[in-house]
2 protein chains.
Amino acid sequence: MVDTSALQSLLVYQSVFKGMSKSQIAWMLQASELQDFKKGEVLFERGQVLSDLFVLLTGHVKLTIPANDGERKVVALLNPGDVFGESSLVPGSTSLVKAQALDNGSMFRICVKDLGATVDRVSGLNLWLLSRLGIRIREHIHDIESVTYKSAAQRVAEYVLQQPRQGDETKLKFHKRTIASKLGLQPETLSRSLKQLVQDGLISVKGSRIKVHDEAALRALVT
Amino acid sequence: MVDTSALQSLLVYQSVFKGMSKSQIAWMLQASELQDFKKGEVLFERGQVLSDLFVLLTGHVKLTIPANDGERKVVALLNPGDVFGESSLVPGSTSLVKAQALDNGSMFRICVKDLGATVDRVSGLNLWLLSRLGIRIREHIHDIESVTYKSAAQRVAEYVLQQPRQGDETKLKFHKRTIASKLGLQPETLSRSLKQLVQDGLISVKGSRIKVHDEAALRALVT
DNA sequence: CGCCTATTTGAGCGTCGTCAATCCAGGTGG
DNA sequence: CCACCTGGATTGACGACGCTCAAATAGGCG
């Protein structure tokens with residue numbers, strides 16, 4: 001009988017470490033610490049000195065800039081394969097964001113003190129890490145463009161479009177207030193923007209289920 | 001007689017590659033291509049496939065999201081030591097930004113195809129690059145927070161504060177329209193915000209010269 | 001000295017944020 | 001399995017901040 005759990009793990013690893021061979025992944029497993037987390041768990045706080053770099057394996061994590069009361073701004077919503085805790089790479093810095101799990105999930109922790117050695121041992125990790133950080137930078141640049149120069153409805157349309165879809169239907173994976181914050185909007189404004197798109201016949205909304213009726217028009221709107 | 005040009009170069013390198021030894025820097029010089037650029041020169045365009053990673057040595061570079069006519073948004077204003085062209089690290093991607101020189105200056109070009117080998121040869125380059133990319137991410141996160149949750153006057157005050165000062169005086173290194181765009185403002189709004197700060201007695205402005213009169217009040221304003 | 005561009009100033013408007021009340025859904029416990 | 005209940009979502013009214021358009025002024029470079 002096959003060990004299904006190990007098999008599943010391998011599939012997860014291969015999709016996360018796209019482009020790395022099985023032996024490279026094996027090295028990776030030896031070189032870093034696997035850690036599970038529970039929904040709602042705080043992985044680190046803003047202002048904290050980080051000693052590890054994180055690689056999300058399963059589940060979702062949000063990076064926020066916290067306010068005294070609640071959260072000021074959702075900076076990123078992370079998916080498996082994303083790298084975070086980059087402040088650990090910058091000597092003398094503290095994290096600008098708080099990281100909190102949105103689901104039960106798991107991640108790698110790579111101790112930065114050992115990173116040089118780890119990278120030497122795991123061929124390809126090197127370029128993989130650089131690539132993932134490049135991706136993070138690109139995402140933030142995109143967000144800056146979006147927040148600065150697109151209207152609320154445009155940002156919402158764009159968000160809807162980039163969600164994975166089955167047929168013409170999408171399910172919002174996060175609370176609307178979380179999505180709103182990620183888009184740089186108030187929850188009220190997100191609500192009104194969605195309503196606008198519904199009235200224009202581009203989508204329909206039922207709770208967290210969204211049907212895309214006119215993808216072309218949505219795309220046109222975003223441009 | 002000492003070769004002053006070589007001496008100057010060494011100083012530049014040491015301040016850019018902080019933490020790396022002279023021998024490491026020597027390897028770095030062998031491993032990458034040095035390129036000069038002229039003021040106004042376009043280093044790469046938005047949408048371009050990049051094959052090299054860049055390290056700014058001297059001068060300044062702006063990263064912008066271009067519009068059909070002129071520029072839509074200044075995403076970053078780079079100083080010596082900054083790394084850019086990170087899209088080269090992400091296979092199959094094209095640059096989100098256009099890079100243009102604001103001064104005469106120089107930079108390293110590191111061919112990404114050779115990056116694995118280069119990093120193997122230049123010990124420390126590895127962690128140095130990761131650190132610099134971490135810094136880029138942190139800067140973008142800061143900008144996102146700033147644009148989303150701070151008023152025009154606050155952003156301007158913050159910008160003034162973080163400029164290098166001699167005594168109580170600063171010189172704006174870039175055109176005000178460039179700074180405005182970096183701050184996510186229209187030039188008119190920057191002008192009015194500066195005027196506001198002047199009227200409140202916090203600073204005084206003469207062209208591109210700014211005198212800081214009440215640093216404590218400026219800092220309080222930003223918070 | 002003169003042109004060209006950057007910056008400033010003014011007036012008016014629109015989008016989105018704020019505050020407050022109501023509606024709804026999903027999770028919990030009986 | 002259903003009713004409750006709490007927190008999320010929606011809707012409405014209103015105001016402010018910053019954008020847009022337009023014109024005047026200042027400043028830099030030939």
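Per chain, numbering begins at 1; letters A, B, ... match sequence-line order. For the numbers below, each heavy atom of this structure counts, side chains included, while hydrogens, waters and symmetry mates do not.
Using a 4.5 Å heavy-atom cutoff, the side chains of A:Phe44 and A:Asp52 are not in contact. Residues B:Asn104 and B:Lys38 are in side-chain contact: their nearest non-hydrogen atoms beyond the backbone lie under 4.5 Å apart.
Set against D:dG18, D:dT10, C:dA11, the side chain of B:Arg192 has C:dA11 as its closest nucleotide. Side-chain proximity of B:Thr189 to D:dC19, C:dT7, D:dT10: nearest is D:dC19. You'll find that the side chain of A:Lys176 is closest to D:dT10, out of D:dT10, C:dT7, D:dC19. For A:Ser191, whose side chain is taken as the heavy atoms from C-beta onward, the closest listed nucleotide among D:dA9, C:dA6, D:dT10 is D:dT10.
Looking only at distances, a side-chain donor or acceptor of A:Lys73 sits under 3.5 Å from a matching main-chain atom of A:Ser181. Remark: side-chain polar atoms of A:Ser193 are paired, donor with acceptor, to backbone N or O of A:Thr189 under 3.5 angstrom.
Projected onto DNA chain C by closest heavy-atom contact, A:Gln186 and A:Gly207 fall at different nucleotides, the more 5' of which corresponds to A:Gln186. The nearest heavy atom of DNA chain C to A:Glu188 and to A:Ala152 marks one nucleotide each, and the one closer to the 5' end goes with A:Ala152.
Residue B:Leu183 contributes atom CG, which lies 18 Å from atom P of D:dC17 at whole-angstrom precision. Between the C1' atom of C:dG26 and the NZ atom of A:Lys39 lies a distance of 11 Å, rounded to the nearest Å. Rounded to an integer number of Å, the gap from CD of B:Gln199 to C1' of C:dT8 is 13 Å. Computed from coordinates, the B:His175 NE2 to D:dG27 C1' distance equals 10 Å when rounded to whole Å. Between the P atom of C:dC16 and the NZ atom of B:Lys150 lies a distance of 22 Å, rounded to the nearest Å. The CZ atom of A:Arg177 sits 9 Å away from the C1' atom of D:dG7 (whole-angstrom rounding). We find that NZ of B:Lys73 is positioned 11 Å from P of D:dC19, with the value rounded to whole Å. Atom P of nucleotide C:dA6 and atom CZ of B:Phe174 are separated by 16 Å, given to the nearest angstrom.
Side-chain N/O atoms of B:His142 and B:Gln162 include no donor and acceptor closer than 3.5 Å.
Checking the phosphate oxygens (OP1, OP2) of C:dT8, no side-chain nitrogen or oxygen of B:Lys206 falls inside 4.0 Å.
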